[in-house]
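For reference, the structure discussed in these notes is given below.
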Amino acid sequence: MRSYQMFINGQWVDAVSGKTFEAFNPATGEVNATIPEGGVEDIDRAVEAARKAFESGPWADMSPSDRGRLLFEVAQELRNKSEFFAEVESRGNGLPINETMHIAIPSMIDVLEFYAGLATKIQGETLASPNNRFNFTLKEPLGVIGAIVPWNFPLMLTMWKLAPALAAGNTIVIKPAEQTPISTLELVKVFQEAGIPDGVINVVPGYGQGAGRALSSQSDVDKIAFTGSTHTGKLIMQAASKNLKPVSLELGGKSPNIIFEDANIENAVKGSMFGIYFGQGQVCASGSRMFVQESIYDTFMDAFTRKVKTIKVGDPLDPSTQMGPQISLQQLERIEKYVASGIEEGATLSLGGKRSAPVNNGYFFTPTIFEDVTTDMTIAKEEIFGPVLSVIRFKDEQDVLEKANDTIYGLAAGVWTENVKRAHRMIKGLKAGTVYVNTFSMLDSVSPFGGTKQSGFGRELGIQAMDMYTETKSVWMDLSDDHLNWYGI
């Protein structure tokens, strides 16, 4: 069994308390590694190192072009080590190796390359002002960023925060999820080997109540970037409010996926399967509420159910596996409680709803479908974060818009239709940060991603994400010979 240390100020160190915890392989229940348990003192050390690196030394003096070149160098090395990181990620969170190798890791690298290119393109503006004055703006880094990352896509979602933060000239302290710290610790080794100055990146593993709370409330952190549950996001906002630091939150979802009668059924079946079962359903934007128009309901559900039955649940390191384990026993038991509530509240369990054990002691659950679901049921209202689909009938556009928007969340939505006018009406009517038309769960570095309502605020990815890691400074210069003398002194 391997042991890791945390990364602070360019050094690999143990927790001040000496405490450790274990990270498990969800496919086998076996221990992957022993990890230092960071606490308040470790966060303070990391923030102090990040502050020093931001204010003085090689990082503060490094030109944007040099920062960009360093990030490009790391991206190339990550590309060379793609197979290694794909396996580390799959062992850590149970994603099938095909999903880590062909989706998660390439996406992570693409994000780093995208922001490496933006490092030299952060620009202010010259503003219209009277001839005797000159007014312009500067875009400057915020300072020390605190990043709290979830367990479902650790490397990819770490990079969503790390890459724009560094490209803008900030330094960062990362608190990975306690379930999946290993891949982030391996990631920072590549940055270290590429020559990232000490203190620019710091990684402090630990629990939310310890390291996470300490990072959120640390007075010398300039901004918190968080991805995770809505409940935890509210706690982070409370902690950050003590120092009035800005917060960006990418939180939970209960995304509607709407199938109209004129949709291409074959495409809608395939895309909707990906929308809910990709990543074992442990995806914030997953299409966990599927709305099917009454006139095609039976035809569509027959085709959909037949296809779902073919999904292979198994060892995530087996290339033929299409769905791996849930992240933990706790998450497995949480899913079972939701299934029980669905049955109790009157929904029809038409497929799955039970554990699967293709690997001994793994946390596997079968692809699950509930029909006869109404919008007031718990399984239609709360984020399950597992491979559980709630199917709801609808009559027409007005009916489905009311039902789809009847949620506290607003992260994503999907629409399947061949009618371009209908598609635009739905795009306008759906309250969501992202709307997919005749597809689902698409991401690209150039496209901003984030939510509305209790799915959070702020946008990651795209040029827009740079606004979360920079601030605007307005500068006034007096060019006149007769300077301001309002009081006639």
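Because only heavy atoms are used, hydrogens play no part in the values below, and waters and symmetry mates are left out as well, while side chains stay in.
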Quiz item: So, do Glu471 and Asp222 sit near enough that their side-chain heavy atoms are less than 4.5 Å apart?
Solution: no
Quiz item: Does CZ in Arg459 sit with more than 12 non-hydrogen atoms of other residues, nucleotides or ligands closer than 6.0 Å?
Solution: yes
Quiz item: Glu336 pairs by side-chain hydrogen bond (donor to acceptor under 3.5 Å, both in side chains) with which of Arg355, Lys354, Gln331?
Solution: Arg355
Quiz item: Counting distance only, does the side-chain N/O of Ser216 pair as donor-acceptor with the main-chain N or O of Ala240 below 3.5 Å?
Solution: no
Quiz item: Under 3.5 Å, is there a donor-acceptor pair between the Glu37 and Thr20 side chains?
Solution: no
Practice problem: May I ask you to check if Lys223 and Tyr469 form a cation-pi contact, with NZ or CZ under 6.0 angstrom from the six-membered ring centre and within 45° of the axis? | Solution: yes
Practice problem: Any chance you could lay out the salt bridge (charged side-chain N to carboxylate O under 4.0 Å, His left out) test for Glu397 and Lys421, step after step, and finish with the verdict? | Solution: CA-CA 12 Å; Glu397 289 181 32; Lys421 293 182 179 180; over 6 Å; no
Exercise. Spell out, as yes or no, whether a donor-acceptor pair under 3.5 Å connects the side chain of Asn170 to the backbone of Ala165.
Key: yes
Exercise. Please examine the side chains of Asp302 and Phe300, heavy atoms only from C-beta on, and report whether any two atoms are closer than 4.5 Å.
Key: no
Self-check item: Arg289 backbone acceptor or donor facing Asn257 side chain under 3.5 Å
Solution: no
Self-check item: Test of ring centre spacing under 6.0 Å for Phe278 and Phe153
Solution: yes
Quiz item: Strictly under 6.0 Å, is that where the ring centroids of Phe385 and Trp151 end up?
Solution: yes
Practice problem: State whether the side chain of Gln280 and the backbone N or O of Pro387 hold a donor-acceptor pair below 3.5 Å, judged by distance alone. | Solution: no
Self-check item: Donor-acceptor side-chain pairing of Glu186 and Tyr4 below 3.5 angstrom
Solution: yes
Quiz item: Just checking, is any N or O donor in the side chain of Tyr297 or Glu371 under 3.5 Å from an acceptor N or O on the other one?
Solution: yes
Exercise. Evaluate the side-chain proximity of Leu215 to Val47: yes if any heavy-atom separation is below 4.5 Å, no if none is.
Key: yes
Quiz prompt | Test ring pair (Phe, Tyr, Trp, His ring centres under 6.0 Å) applied to Phe394 and Phe260, step by step | solution = CA-CA 9 Å; Phe394 74 91; Phe260 281 101; 5.3 Å; yes
Practice problem: Look at the rings of Trp160 and Phe449 and say which category their plane angle falls in: under 30° parallel, 30 to 60° tilted, over 60° perpendicular. | Solution: perpendicular
Quiz item: Taking C-beta and beyond as the side chain, do Glu250 and Glu460 meet within less than 4.5 Å on heavy atoms?
Solution: yes
Quiz item: Could you go step by step and tell me if Asp262 and Arg422 meet the salt bridge (charged side-chain N to carboxylate O under 4.0 Å, His left out) rule?
Solution: CA-CA 10 Å; Asp262 66 334; Arg422 170 179 283 160; 3.2 Å; yes
Quiz prompt | Thr227 versus Lys161, side-chain donor and acceptor atoms under 3.5 Å | solution = yes
Exercise. Answer yes or no: is there an ion pair linking Glu382 with Lys254, defined by an N-O contact shorter than 4.0 Å?
Key: no
Quiz item: With a 3.5 Å cut-off and no angle check, do the side chains of Thr378 and Glu345 form a donor-acceptor pair?
Solution: yes
Quiz item: What do you reckon, is NZ of Lys453 surrounded by more than 12 foreign heavy atoms closer than 6.0 Å?
Solution: yes
Practice problem: Take Thr375 and Lys381 through the side-chain hydrogen bond (donor to acceptor under 3.5 Å, both in side chains) test and state the conclusion after the steps. | Solution: CA-CA 7 Å; Thr375 56; Lys381 293 166 62 177; over 6 Å; no
Practice problem: Return yes if a side-chain donor-acceptor contact under 3.5 Å exists between Asp315 and Thr321, otherwise no. | Solution: no
Exercise. Scan side-chain atoms only and decide if Gln293 and Lys395 contain a donor-acceptor pair under the 3.5 Å cut-off.
Key: no
Quiz prompt | Short side-chain donor-acceptor distance under 3.5 Å, Thr100 and Ser90 | solution = yes
Quiz item: How about His102: does its NE2 atom have over 12 heavy atoms from other parts shown lying under 6.0 Å from it?
Solution: yes
Quiz item: Does CD in Glu83 sit with more than 12 non-hydrogen atoms of other residues, nucleotides or ligands closer than 6.0 Å?
Solution: no
Self-check item: Pair Asn419, Thr417: side-chain N/O donor-acceptor within cut-off below 3.5 Å
Solution: no
Exercise. Report yes if the side chains of Phe304 and Val292 come closer than 4.5 Å at any heavy-atom pair, otherwise no.
Key: no
Practice problem: Taking atom CD of Gln330 as the centre, report whether more than 12 heavy atoms of other residues, nucleotides or ligands fall under 6.0 Å from it. | Solution: no
Quiz item: Among Leu461, Ile463, Leu71, Asp444, which one satisfies side-chain contact (heavy atoms from CB on, under 4.5 Å) with Phe114?
Solution: Ile463
Quiz item: Is it true that Lys337 and Glu333 make a salt bridge, defined as a side-chain N closer than 4.0 Å to a carboxylate O?
Solution: no
Quiz item: Which distance, rounded to the nearest 0.5 Å, do you find between the CG of Leu389 and the OG1 of Thr368?
Solution: 9.5 Å
Quiz item: Is it true that a side-chain atom of Thr470 and a backbone atom of Pro141 form a donor plus acceptor pair closer than 3.5 Å?
Solution: no
